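Presented below is the structure to which this report refers.
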There are 2 protein chains.
Amino acid sequence: MRRVPHPWAAHRRAGAFAVTETRIQTRNRAAIREAALEVFSRQGFGGATLDAIAGEAGLSKPNLLYYYPSKEAIYEDLLTGLLATWLDPLIALDPAGDPVEELLAYMRRKLDLSRQMPRESRLFAGEILRGAPVMMGHLTGELQRLVSEKSDLIETWAAEGRIAPVDGRQTIISIWALTQHYADFDVQVRAVLGDTDPFDSAATHLDALFRRMLSVR
Amino acid sequence: MRRVPHPWAAHRRAGAFAVTETRIQTRNRAAIREAALEVFSRQGFGGATLDAIAGEAGLSKPNLLYYYPSKEAIYEDLLTGLLATWLDPLIALDPAGDPVEELLAYMRRKLDLSRQMPRESRLFAGEILRGAPVMMGHLTGELQRLVSEKSDLIETWAAEGRIAPVDGRQTIISIWALTQHYADFDVQVRAVLGDTDPFDSAATHLDALFRRMLSVR
DNA sequence: CGTCAATTTGACCGGTTGGTCAAATTGCAT
DNA sequence: ATGCAATTTGACCAACCGGTCAAATTGACG
């Protein structure tokens with residue numbers, strides 16, 4: 001019998017009562033997620049070590065494993081916990097809004113994510129690069145449905161002549177590619193652009209690009 | 001004293017004579033590069049193991065290390081050996097050609113690379129994702145110079161009114177982002193697109209996108 | 001204060017990793 | 001066929017990996 005209940009086994013002792021998190025648990029779990037994001041996003045899953053994450057979080061390795069059962073569990077918790085944040089901008093694409101402005105706003109929201117959450121972007125990128133061993137289910141599930149719905153909307157706009165004729169799915173993919181690139185390939189972009197802030201000039205450039213691509217003439 | 005000269009120490013015994021490669025060396029080195037490409041591109045540098053590469057190449061691990069001094073050496077040899085292939089399409093951007101058609105042709109060459117060499121694309125992507133520990137010198141050297149030259153050309157075209165006014169560097173970055181995405185995020189693209197061949201519909205879509213972006217009206 | 005649960009730690013474990021080495025085997029030129 | 005260099009291998013190693021465990025320490029609450 002286990003005499004030391006680990007926090008990650010919380011559901012085991014839940015019973016009829018709500019499982020409340022200790023202040024310490026809240027603090028340390030947050031520190032671990034922050035540290036894991038830092039390490040996983042730069043080293044990839046394979047290159048990351050529990051020692052590195054524990055060190056970054058200011059904990060000992062056994063202490064880390066008191067809060068998460070395994071390296072995989074931390075990685076999965078990070079990814080699934082961030083998924084909603086990553087999908088929100090697309091969900092916000094509004095059928096009632098002006099088509100061109102809606103798509104431009106979506107692009108800007110995605111570019112803001114790249115600017116403000118580059119590590120999260122690289123974490124996702126690394127996962128997809130390796131063939132999405134953890135996220136595959138989400139890709140063929142929620143993501144596929146969401147993209148299907150929104151690309152239908154885009155193509156409706158196109159059919160109504162309110163934007164140029166485009167492939168809805170390809171349009172969404174283009175927005176992903178063009179915005180994520182500035183986070184995922186950060187060092188390359190900066191090497192090529194020199195001193196200028198990549199995101200400022202990217203915002204101007206992408207604004208013009210999508211306006212030209214989408215506007216009816 | 002070393003009594004068994006390893007092939008990778010070739011320069012040590014070169015002296016005044018040209019160093020010729022054995023048939024066996026040529027075959028095994030090629031097999032190792034092929035295997036390493038397979039493993040590194042999927043597992044990343046950190047996740048890859050010498051055993052996995054050796055197994056994929058059909059060699060024993062010590063035999064592998066007879067041809068390369070270390071894991072890092074294989075990785076670096078792969079990257080630097082592939083760099084020229086990756087830069088060639090941009091080098092081929094011709095000042096004498098028609099501006100829009102030249103840029104479209106560059107985009108198509110890059111998309112073809114993504115289609116035909118997705119593992120190489122993912123290898124580069126993984127390296128850049130981790131902050132380019134190996135390639136940083138090339139990024140701030142050859143790449144920066146090449147991009148500088150070609151973006152000047154693009155902006156000359158723009159100033160002459162032969163294409164729409166664009167930021168040369170940002171235009172090149174957009175071409176990279178939009179084409180590499182189909183190789184690097186392959187599984188996501190396929191999850192979203194379903195059965196249709198991503199590259200066929202991408203070619204059509206990107207052709208229209210860049211035509212609209214670049215053409216003067 | 002006491003006490004019990006929550007938290008933290010050092011010591012440890014079996015497996016894997018990158019890499020070495022001496023010896024065995026093979027290929028090749030004479 | 002023989003002799004030497006090129007190639008291959010099994011056995012091995014120290015370091016590191018993810019993870020465990022019992023014991024020690026700390027925090028919360030009456």
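Values in this document were obtained by computation on a predicted structure and should not be read as measured data. Only this structure's heavy atoms are used, side chains among them; waters, hydrogens and symmetry mates stay out. Order of the sequence lines fixes the chain letters, A, B, ..., with proteins taken first and strands second; residue numbering starts at 1 for each chain.
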Could you check how far OH of Tyr67(B) sits from P of dA6(D), rounded to whole Å?
11 Å

Pairing residues for Phe185(A) by the ring-ring contact (aromatic ring centres under 6.0 Å, His included) criterion, not counting sequence neighbours:
His181(A)

Applying side-chain hydrogen bond (donor to acceptor under 3.5 Å, both in side chains), which residue pairs with at least one partner in residues 68-86 of chain B are found, sequence neighbours left out?
Arg29(B)-Tyr68(B), Arg33(B)-Tyr68(B), Arg33(B)-Asp77(B), Tyr68(B)-Asp77(B), Tyr75(B)-Glu127(B)

Nearest-angstrom distance from the residue atom CD1 of Ile32(A) to C1' of dT7(C):
12 Å

Out of curiosity, Leu50(B) CG to Leu59(B) CG, how far, rounded to the nearest 0.5 Å?
12.0 Å

Anything under 3.5 Å between a donor and an acceptor, one on a side chain of residues 36-49 of chain A, the other on a protein residue two or more places apart or in another chain? List them.
| residue | atom | partner | partner atom | Å |
| --- | --- | --- | --- | --- |
| Glu38(A) | OE1 | Arg119(A) | NH1 | 2.7 |
| Ser41(A) | OG | Leu37(A) | O | 2.7 |
| Ser41(A) | OG | Glu38(A) | O | 3.2 |
| Arg42(A) | NH1 | Leu129(B) | O | 3.1 |
| Thr49(A) | OG1 | Ala52(A) | N | 3.0 |

Could you list, one pair per line, each protein nitrogen or oxygen that sits under 3.5 Å from a nitrogen or oxygen of nucleotides 15-19 of chain D, together with the distance?
| residue | atom | partner | partner atom | Å |
| --- | --- | --- | --- | --- |
| dG18(D) | OP1 | Ala48(A) | O | 3.2 |
| dG18(D) | OP1 | Lys71(A) | NZ | 3.1 |
| dG18(D) | OP2 | Leu50(A) | N | 2.9 |
| dG18(D) | N7 | Lys61(A) | NZ | 2.9 |
| dG19(D) | OP2 | Lys71(A) | N | 2.8 |
| dG19(D) | O6 | Lys61(A) | NZ | 3.4 |

What's the CG-P distance between Asn63(B) and dG19(C), to the nearest Å?
16 Å

Quick one, Arg190(B) with Asp195(B), criterion side chain to side chain contact (heavy atoms under 4.5 Å, CB included). Give me CA distance, side-chain angles, the key distance, then yes/no.
CA-CA 7 Å; Arg190(B) 286 180 197 274; Asp195(B) 284 335; over 6 Å; no

Checking the side chain of Ser114(A) only, and the main-chain atoms of Thr179(A) only, is there a donor and an acceptor separated by less than 3.5 Å?
yes

Calculate the interatomic distance between Gln25(B) atom CD and dT26(C) atom C1'; express it in whole Å.
14 Å

Value in whole Å for how far the P atom of dG27(C) lies from CG of Asn28(B)
12 Å

Can you measure Leu64(B) atom CG to dT9(D) atom C1' for me and round it to whole angstrom units?
13 Å

Here the distance between atom C1' of dA24(D) and atom OH of Tyr66(A), to the nearest Å, is 14 Å

Between Lys150(B) and Leu93(B), is there a donor-acceptor pair closer than 3.5 Å when you use the side chain of the first and the backbone of the second?
yes

Kindly give the atom pairs (protein nitrogen or oxygen, nucleotide nitrogen or oxygen) under 3.5 Å for nucleotides 27-30 of chain D.
| residue | atom | partner | partner atom | Å |
| --- | --- | --- | --- | --- |
| dA28(D) | OP1 | Arg23(A) | NH2 | 2.4 |

Given side chain to side chain contact (heavy atoms under 4.5 Å, CB included), test Met107(B) with Leu178(B) step by step and report yes or no.
CA-CA 9 Å; Met107(B) 180 274 288; Leu178(B) 285 167; over 6 Å; no

Quick one: list whatever passes side chain to side chain contact (heavy atoms under 4.5 Å, CB included) with Asp152(A), sequence neighbours left out.
none

Interatomic distance where CD belongs to Glu21(B) and C1' belongs to dA5(D) [whole Å]
16 Å

